[in-house]
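Note that the coordinates shown come from a computational prediction; the quantities given were computed from them, not determined experimentally.
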Amino acid sequence: MKAKNPYPIMTADEAVQFISDGNMVAFSGFTSAGAAKVIPKALASKAREQHDKGSNFKIKVLTGASTSEAIDKDLAEANAISWRAPYQSDKVIRNLINQEEVEYVEMHLSHLPQAVSSGFFGKVDVAVIEAREITADGRVYLTTSIGASPTFLRSADKIIIEVNRHHSPRLREMADIRIMPPPPRRYPIHIFEPMMRIGWPYALVDPEKIVGIVETDQPDDELGFSGPHRVSEKIAEHVIEFLLREMSADHHPKSIFPLQAGVGNVANAVLSGLGAHPDIPPFYMYSEVFQDAMVELMANDKLLGASAASLTITREKLQTITDNMDFYAPRIVLRPQEISNHPGIIRRLGVIAMNTAVEVDLYGNANSSHVFGTQAINGIGGSGEFTRNSYLSFLMTPSIAKGGKISAIVPMCPHIDNNEHSVQIIVTEQGLADLRGLGPIHRAQVLIEKCAHPMYKDYLQKYLRDGMKGHIRHDLNKCYELHRNLIEYGTMLPELKK
């Protein structure tokens with residue numbers, strides 16, 4: 001006989017009465033997968049009501065990574081957010097950040113759980129966590145993501161659980177949850193292959209902390225990506241050609257090391273290209289997200305297994321997995337982000353990382369999060385952890401944007417997420433620049449030759465030729481000329497403007 005649920009069932013409007021102005025609130029989700037759904041909307045309504053009464057109501061918001069519109073859009077539109085970490089993903093909150101109305105702390109995703117559990121951000125007042133089930137003794141079976149939810153459940157003073165019946169109860173078969181002990185008592189993480197499991201299918205919470213259960217029946221709100229286009233296909237071709245050369249040179253095993261791919265159209269297209277190429281052997285993935293392209297790759301036996309922190313896939317692809325759990329569940333492991341993005345495991349497994357950048361400067365410093373060095377786009381996410389620690393790391397970007405008004409290869413990045421000491425390989429549709437073992441001037445020459453768009457090559461070559469000589473060659477009067485031109489004229493090269 002099933003035990004009676006001891007927790008109070010309530011509406012979302014009743015639950016948000018436990019959240020007060022100034023509270024730090026942690027929400028489940030890694031991307032929109034497994035994100036809290038109804039509490040954020042009810043909280044936005046509460047904020048508007050309080051503001052209409054002339055009362056203050058803003059909260060500090062923690063998530064695992066990017067999140068759903070209900071958090072970064074609805075709450076931001078209600079002027080209900082004062083502080084945000086570690087990543088944001090909607091233009092509404094982005095505008096508030098860039099107007100300096102919301103304080104934004106951007107950080108590496110694997111660092112977040114330790115920062116929370118150590119109290120670096122202060123007390124976590126409330127955690128709002130989506131789950132498929134919670135037991136009387138405090139076992140919480142999460143849904144489509146693990147992210148930082150286990151840490152939030154342990155650290156928060158009060159817990160609200162959104163029990164979402166939409167998701168399959170068999171998602172627990174993918175979960176492998178373990179929270180690392182604090183330094184200096186940490187032990188080696190015993191993951192020696194991508195599919196090794198070291199934990200349990202549930203997170204734990206003190207039942208005394210749970211103030212209420214809100215029942216829901218809603219799917220994740222993952223929009224998916226556009227289909228491959230010629231630029232991303234060319235980038236994929238360059239990556240595949242390079243990997244095949246590396247394999248033939250015995251730089252890594254013929255079986256190929258585990259792959260990682262960031263979120264986005266380019267990374268999704270590269271994965272599809274790798275899966276379609278007959279000379280790329282079946283492979284495993286050790287990544288932070290499980291994306292749409294991986295569902296088909298797994299069905300075709302090209303992807304043998306995948307470790308991630310979330311199922312960042314469209315409703316249709318998630319339904320495919322749900323309808324075929326006997327096949328997919330043994331082949332997918334979902335972990336906390338502290339483990340999915342752990343530098344030591346990435347290095348141990350020899351991961352081959354493929355992430356995207358906004359721009360790259362002549363010496364290999366890369367920017368993936370800001371425009372003009374001042375305006376936040378989203379955040380570094382997990383790209384830094386994989387770029388710094390992988391056996392091979394690719395940063396990929398189209399060589400131009402806005403019809404050629406913007407070049408992705410610039411003299412100097414005004415903001416840097418991944419510096420020249422971490423970046424190994426840059427890829428655009430023009431070609432691939434392997435920067436390993438090259439000094440700064442040689443790196444610049446290869447980047448211009450291989451990756452810059454033809455319309456920008458003359459400018460970049462002249463900049464390199466005329467710069468002040470040194471270990472790194474720059475002209476401090478002109479290093480941001482392209483960016484200043486873009487602000488003033490709407491294009492980096494005004495002479496090309498029609």
Side-chain angles (χ1 to χ4, degrees), residues 97-98 100 104 106 355-380 383-384 387-388 393-497:
I97 290 167
N98 290 328
E100 300 182 12
Y104 177 42
E106 179 189 352
N355 292 284
T356 55
V358 172
E359 59 187 351
V360 180
D361 72 22
L362 290 179
Y363 303 105
N365 299 294
N367 164 37
S368 61
S369 64
H370 286 75
V371 174
F372 303 125
T374 61
Q375 304 297 297
I377 304 171
N378 36 56
I380 188 173
S383 68
T387 297
R388 179 72 181 270
S393 65
F394 299 86
L395 285 178
M396 307 172 293
T397 179
S399 65
I400 55 172
K402 304 292 185 184
K405 294 178 180 178
I406 298 173
S407 172
I409 309 300
V410 297
M412 183 185 288
C413 289
H415 177 89
I416 294 170
D417 299 303
N418 292 295
N419 66 37
E420 61 180 297
H421 308 296
S422 301
V423 175
Q424 296 181 352
I425 303 162
I426 303 298
V427 194
T428 72
E429 81 284 1
Q430 302 296 321
L432 180 148
D434 182 358
L435 306 180
R436 295 173 299 171
L438 305 184
I441 306 305
H442 196 176
R443 291 163 76 94
Q445 292 167 340
V446 171
L447 272 167
I448 295 171
E449 176 190 353
K450 299 289 188 180
C451 295
H453 193 278
M455 69 174 65
Y456 283 90
K457 283 188 175 182
D458 287 345
Y459 179 92
L460 294 169
Q461 287 168 343
K462 184 177 187 304
Y463 177 87
L464 182 63
R465 185 171 58 249
D466 295 346
M468 181 184 297
K469 289 189 176 182
H471 177 233
I472 295 175
R473 191 178 296 178
H474 270 306
D475 182 340
L476 297 183
N477 292 316
K478 299 186 67 175
C479 59
Y480 295 133
E481 183 177 56
L482 293 182
H483 297 88
R484 296 201 313 270
N485 286 343
L486 184 59
I487 293 171
E488 185 172 353
Y489 303 108
T491 179
M492 285 186 166
L493 291 178
E495 59 268 30
L496 298 179
K497 188 175 182 180

* Non-neighbouring partners of Tyr459 that pass ring-ring contact (aromatic ring centres under 6.0 Å, His included), sequence neighbours left out -> none

* Asked: Would one find more than 12 heavy atoms of other residues, nucleotides or ligands at under 6.0 Å from atom NZ of Lys450?
  -> no

* Mind checking side chain to side chain donor-acceptor pair (under 3.5 Å) for Gln430 and listing every partner two or more places apart, or none if nothing turns up? => none

* Distance from His483 atom NE2 to Ile406 atom CD1, nearest 0.5 Å? -> 9.0 Å

* To do: Dump the intermediate steps for side chain to side chain contact (heavy atoms under 4.5 Å, CB included) on Asn367 and Asp417, then the final yes or no.
  => CA-CA 5 Å; Asn367 164 37; Asp417 299 303; 3.5 Å; yes

* Closest heavy-atom pair and its distance - Asp361, Pro411 -> CB-O, 3.5 Å

* To do: Under the ring-ring contact (aromatic ring centres under 6.0 Å, His included) rule, collect the residues that match up with His474, sequence neighbours excluded.
  => Tyr363, Tyr463

* Quick one: closest heavy-atom pair of Ile426 and Cys451, and the distance? => O-SG, 3.5 Å

* Structure fact -> In this structure, CD of Glu429 is separated from OG of Ser399 (nearest 0.5 Å) by 3.5 Å

* Structure fact -> Nearest heavy-atom contact between Ala357 and Ser368 is CA-CB, 4.2 Å

* Asked: Checking Asn418 side chain against Glu420 main chain: does a donor-acceptor pair fall under 3.5 Å?
  -> no

* Counting only N and O atoms by type, is there a donor-acceptor contact under 3.5 Å from the side chain of Tyr456 to the main-chain atoms of Ile448? -> no

* **Side-chain touch Pro440/His471, heavy atoms, less than 4.5 angstrom** => yes

* Structure fact -> For Lys457 and Ala452 the tightest heavy-atom approach is CE-O, 3.3 Å

* From Ile487 atom CD1 to Thr374 atom OG1, the distance as rounded to the nearest 0.5 Å -> 7.0 Å

* **side chain to side chain donor-acceptor pair (under 3.5 Å) evaluation trace for Glu359 with Thr397** => CA-CA 7 Å; Glu359 59 187 351; Thr397 179; over 6 Å; no

* Asked: After noting the C-alpha distance and the side-chain angles of Leu432 and Ile425, does the key distance pass the side chain to side chain contact (heavy atoms under 4.5 Å, CB included) rule?
  -> CA-CA 7 Å; Leu432 180 148; Ile425 303 162; 3.6 Å; yes

* **Non-hydrogen side-chain atoms of Gln461 and Asp458 separated by less than 4.5 Å** => yes

* **Value rounded to 0.5 Å, distance of CG in Asn419 from SG in Cys413** => 11.0 Å

* To do: Could you tell me which non-hydrogen atom of Asn355 sits nearest to which non-hydrogen atom of Thr387, and how far apart they are?
  => ND2-OG1, 4.2 Å

* Can you tell me if Arg473 uses its side chain to pair, donor with acceptor, with the backbone of Leu464 under 3.5 Å? -> yes

* To do: Report yes or no: does Asn485 contribute a side-chain atom to a donor-acceptor pair with the main-chain N or O of Met492 at less than 3.5 Å?
  => yes

* Looking only at non-hydrogen atoms, find the nearest pair between Asn98 and Ala376 and report the distance. => OD1-N, 2.7 Å

* Structure fact -> CG (Leu362) and CG (Leu460) are apart, to the nearest 0.5 Å, by 5.5 Å

* Structure fact -> Here the gap from Arg484 atom CZ to Cys479 atom SG, rounded to the nearest 0.5 Å, amounts to 8.0 Å

